[in-house]
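What follows is a single structure, written as structure tokens, with notes after it.
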Amino acid sequence: MRSCLRSESKTATALDLTVIHASERGAPKGRKPIEWKLITDLPVRGRSEAIEKINWYAMRWKIEVFHKILKSGCRAEDSKLRTAERLANLMAVFCILSWRVLWLTMLNRTAPDASPKMALTDTEIALLDELISDVGNRRCRPGTLAFYLTKLARLGGYLARAADPPPGNVVIWRGLSRLTDIELGAEIGAAGNVGN
């Protein structure tokens with residue numbers, strides 16, 4: 001559907017917009033299909049371009065979640081750095097950390113039966129086996145990515161009850177933060193530099 005919005009103001013210019021109406025196929029039983037109405041000023045000359053714009057919009061939520069992790073998990077706004085160069089370096093590290101948390105969360109939902117080595121190091125896997133018992137991990141097949149990411153989330157406070165939804169970004173962030181601290185402590189202890 002094409003439309004042109006006109007303002008009564010003499011200084012405003014006409015704006016060509018396209019409205020894309022999308023409806024979810026195969027909605028779960030007992031729930032109405034999700035419907036989106038997107039308005040864009042980008043050209044939409046056919047079905048493939050409309051689907052492209054819908055896919056772009058769908059990525060918006062992941063971008064919002066990434067920024068939430070960056071602001072809340074990394075607490076980027078709390079840094080008290082005085083130079084732009086230092087702030088840029090810190091933000092580069094925070095972006096990598098935020099991406100990893102988002103990626104782990106999404107991977108847990110899209111590829112739960114994958115190998116844990118797809119996302120975790122051998123050391124991280126070994127530490128999770130040592131720190132978190134397998135009890136309470138009944139919903140996941142042992143040895144899978146979901147199994148280890150549930151352990152990671154449990155380290156971050158996830159309760160892993162039968163009715164709980166999959167672990168989210170917050171518990172993955174907390175678990176990864178604690179696991180990193182534990183891993184650094186284990187490395188320092190193994191090096192024998194403690195107390196010297």
Side-chain angles (χ1 to χ4, degrees), residues 24-31 33-34 55 58-79 90-196:
E24 177 184 27
R25 287 185 179 172
K29 195 173 186 177
R31 181 177 61 75
I34 296 171
N55 287 334
M59 292 304 293
R60 183 172 181 256
W61 181 248
K62 288 181 184 171
I63 294 166
E64 293 289 336
V65 171
F66 173 81
H67 282 105
K68 180 182 176 188
I69 296 166
L70 190 62
K71 288 177 75 173
S72 301
C74 293
R75 296 162 78 186
E77 293 175 340
D78 291 348
S79 67
L90 180 67
M91 290 308 293
V93 172
F94 281 173
C95 283
I96 293 168
L97 290 171
S98 298
W99 171 84
R100 187 171 188 211
V101 170
L102 178 64
W103 181 65
L104 289 171
T105 306
M106 293 297 116
L107 202 55
N108 191 33
R109 295 174 185 175
T110 59
D113 292 328
S115 167
K117 292 185 179 194
M118 180 179 197
L120 301 168
T121 66
D122 290 337
T123 304
E124 290 171 331
I125 292 168
L127 283 171
L128 287 170
D129 280 336
E130 188 67 31
L131 295 166
I132 306 294
S133 74
D134 294 346
V135 177
N137 231 354
R138 293 180 294 273
R139 290 188 302 167
C140 306
R141 214 175 72 224
T144 62
L145 178 65
F147 184 79
Y148 282 96
L149 290 181
T150 300
K151 282 187 171 199
L152 179 67
R154 287 174 60 202
L155 193 58
Y158 180 66
L159 299 176
R161 297 172 295 207
D164 286 346
N169 295 307
V170 173
V171 290
I172 293 287
W173 168 263
R174 286 185 200 144
L176 190 59
S177 179
R178 287 194 66 205
L179 185 62
T180 301
D181 290 345
I182 293 166
E183 187 174 0
L184 288 172
E187 287 176 13
I188 291 169
N193 294 331
V194 179
N196 292 336

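Every heavy atom of this structure was used, including side-chain atoms; hydrogens, water molecules and symmetry mates were not. By convention here, the first residue in the shown sequence is residue 1.
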Tell me, do [X] and [Y] make a side-chain contact under 4.5 Å, heavy atoms counted?
{"X": "Leu97", "Y": "Trp173", "value": "yes"}
{"X": "Leu176", "Y": "Arg100", "value": "yes"}
{"X": "Asp134", "Y": "Lys151", "value": "yes"}
{"X": "Leu179", "Y": "Leu131", "value": "yes"}

**Request:** Apply the side-chain contact (heavy atoms from CB on, under 4.5 Å) test between Ile125 and each candidate in Leu128, Thr121, Asp129; give the one that qualifies.
**Result:**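 So, applying the side-chain contact (heavy atoms from CB on, under 4.5 Å) to Ile125 and each of Leu128, Thr121, Asp129, only Asp129 qualifies.
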**Asked** Pick one: which of Val170, Val101, Ile172 meets side-chain contact (heavy atoms from CB on, under 4.5 Å) with Ile69?
**Response** Val101
Can you name the closest pair of heavy atoms from [X] and [Y] and give their distance?
{"X": "Glu124", "Y": "Leu120", "result": "OE1-CA, 3.3 Å"}
{"X": "Ser98", "Y": "Phe66", "result": "CB-CE1, 3.5 Å"}
{"X": "Gly175", "Y": "Leu155", "result": "O-CD2, 3.7 Å"}
{"X": "Pro167", "Y": "Ala153", "result": "CB-CB, 3.5 Å"}
{"X": "Pro112", "Y": "Thr144", "result": "O-CB, 3.4 Å"}
{"X": "Tyr158", "Y": "Pro165", "result": "OH-O, 2.6 Å"}

Measuring from [X]:[atom1] to [Y]:[atom2], what's the distance to the nearest 0.5 Å?
{"X": "Asp113", "Y": "Arg141", "atom1": "CG", "atom2": "CZ", "value": "4.5 Å"}
{"X": "Thr110", "Y": "Leu145", "atom1": "OG1", "atom2": "CG", "value": "8.5 Å"}
{"X": "Trp99", "Y": "Leu104", "atom1": "CH2", "atom2": "CG", "value": "8.0 Å"}
{"X": "Met118", "Y": "Leu107", "atom1": "CE", "atom2": "CG", "value": "5.0 Å"}
{"X": "Ile182", "Y": "Thr123", "atom1": "CD1", "atom2": "OG1", "value": "13.0 Å"}
{"X": "Thr105", "Y": "Arg109", "atom1": "OG1", "atom2": "CZ", "value": "6.5 Å"}

**Request:** Can you establish whether the number of heavy atoms outside Arg75 located under 6.0 Å from its atom CZ is more than 12?
**Result:**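 No, not enclosed.
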**Asked** Counting heavy atoms not belonging to Glu130, are there more than 12 under 6.0 Å from its CD?
**Response**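 Check fails, neighbour count at 12 or below.
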